[in-house]
Every structure is written in C-alpha cells, then in structure tokens.
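One structure is given here, and the rest of the page talks about it.
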Amino acid sequence: VQLQASGGGLVQAGGSLRLSCAASGIPFSMYNMAWFRQTPGKERDFVAFIAKSGGLTDYVDSVKGRFTISRDNAKDTVYLQMSSLKPGDTAVYYCAARMTQNIRSADYPYWGQGTQVTVSS
C-alpha cells in the first residue's frame, strides 16, 4: 500500500494550494480518506474527511469555508484544496486511508509520507 502526497510548498497568507494524495495497492473506492496535519512537538490533528463515495465530508472548524476535500475514484486520488491560507495552517499534511468510517480519530492504518505546507505572513 502506498499513499503518495504532493502539492505542498511555501505560500503567502491569503494564498492557495492544492494537495494531492495518490493511492496504490488498495481498492481506492472502498476506502474512506482523510487529511491530517502535524507541527513539531504536537500530535497529528484531523483536518478533513471524505467518505468512500464522496457523499459525506467533514472538516475541523478552523478550516471550514477555506478548505475543500474531494476525490476522484477513477484516478485513485484524494485532494485538499486550501484557500485563504493563514500562518496557523503551516504544518506537514498527511493523507490517510481506512475502510471503516472513523472520521476524526487518527486511528488510520495507512498513511502517506507527508507534504510540508508553509504559510508566510
């Protein structure tokens, strides 16, 4: 199983980035997907969730209205469109996959390698 995250980078406050996470080795359409983020010395925190079919999404309150999670089951890829970025969004972002629905807990069996997002003020 491999989850390959990409799309991170350095952006000014107010800017946008789109993260991608390409999955291989799993039947992607049968997996719920999520994004988490982590800063040094802190736990990995939930950011966004999307169910297998894409019909259910959930976000941490701090990103609601600014971030959008989506997926393309034909491409085995999940995305996180991030807009109106703030310095507080700076973190390493991880994608995660799980067959059963477990929206906000970090108890996911499969994780990507992480992609750094840095938002400058």
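This chain uses plain numbering: 1 for the first residue, then up along the sequence.
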Problem - Aromatic centroids of Y59 and F46 separated by under 6.0 Å - result: no
Practice task
Report yes if the distance between the aromatic ring centroids of W35 and F67 is under 6.0 Å, otherwise no.
Solution key: no
Handout entry: N32 side-chain N/O to M99 backbone N/O, donor-acceptor pair under 3.5 Å
Key = yes
Looking at residues at least two apart in the chain, or sitting in another chain, which of them share a side chain to side chain contact (heavy atoms under 4.5 Å, CB included) with [X]?
X: V11; result: L17, L85, V119
X: A97; result: L3, I26, Y31, M33, Y110
X: S6; result: S20
X: L10; result: T118, S120

Please find the pair of heavy atoms, one from [X] and one from [Y], that lie closest to each other, and give the distance.
X: S105; Y: F36; result: O-CZ, 3.3 Å
X: P87; Y: A13; result: CD-CB, 4.1 Å
X: V1; Y: G25; result: CG2-O, 3.8 Å
X: S29; Y: N73; result: CB-ND2, 3.8 Å

Exercise for the section: Take atom CD of Q101 as the centre, draw a 6.0 Å sphere, and report whether it contains more than 12 heavy atoms from other residues, nucleotides or ligands. Expected result: yes
Problem - Side-chain heavy-atom pair R71, T77 within 4.5 angstrom cut-off - result: no
Practice task
Please examine the side chains of L56 and I50, heavy atoms only from C-beta on, and report whether any two atoms are closer than 4.5 Å.
Solution key: no
Handout entry: Sequence neighbours excluded - side-chain hydrogen bond (donor to acceptor under 3.5 Å, both in side chains) pairs with any residue from residues 85-97
Key = R37-D89, R37-Y93, R66-D89
Practice task
Provide the full list of side-chain hydrogen bond (donor to acceptor under 3.5 Å, both in side chains) pairs with a residue in residues 40-54, sequence neighbours left out, each pair given once.
Solution key: Q38-R44
Practice task
With sequence neighbours excluded, give me every disulfide (SG to SG under 2.5 Å) pair touching residues 6-40.
Solution key: C21-C95
Problem - Pairs flagged by disulfide (SG to SG under 2.5 Å) wherever residues 33-63 is involved - sequence neighbours left out - result: none
Practice task
First locate atom OG1 of T100, then atom CE of M30, and finally report the distance between them rounded to the nearest 0.5 Å.
Solution key: 11.5 Å
Exercise for the section: To the nearest 0.5 angstrom, please state how far the CD atom of Q4 sits from the OG1 atom of T115. Expected result: 9.0 Å
Completion exercise
The complete set of salt bridge (charged side-chain N to carboxylate O under 4.0 Å, His left out) pairs with one or both residues in residues 94-103, sequence neighbours excluded, reads R98-D107
Practice task
Would you list the pairs meeting salt bridge (charged side-chain N to carboxylate O under 4.0 Å, His left out) in which at least one residue belongs to residues 7-36, sequence neighbours left out?
Solution key: none
Practice task
With sequence neighbours excluded, tell me which residues meet side chain to side chain donor-acceptor pair (under 3.5 Å) with Q113.
Solution key: none
Exercise for the section: Can you sort out the partners of D72 under side chain to side chain donor-acceptor pair (under 3.5 Å), two or more places apart, ordered by chain and number? Expected result: none
Handout entry: Full working for side chain to side chain contact (heavy atoms under 4.5 Å, CB included) between S70 and Q81
Key = CA-CA 8 Å; S70 61; Q81 178 68 48; over 6 Å; no
Handout entry: Y79 reachable from V63 in the ILVMFWY side-chain graph, under 4.5 Å edges
Key = no
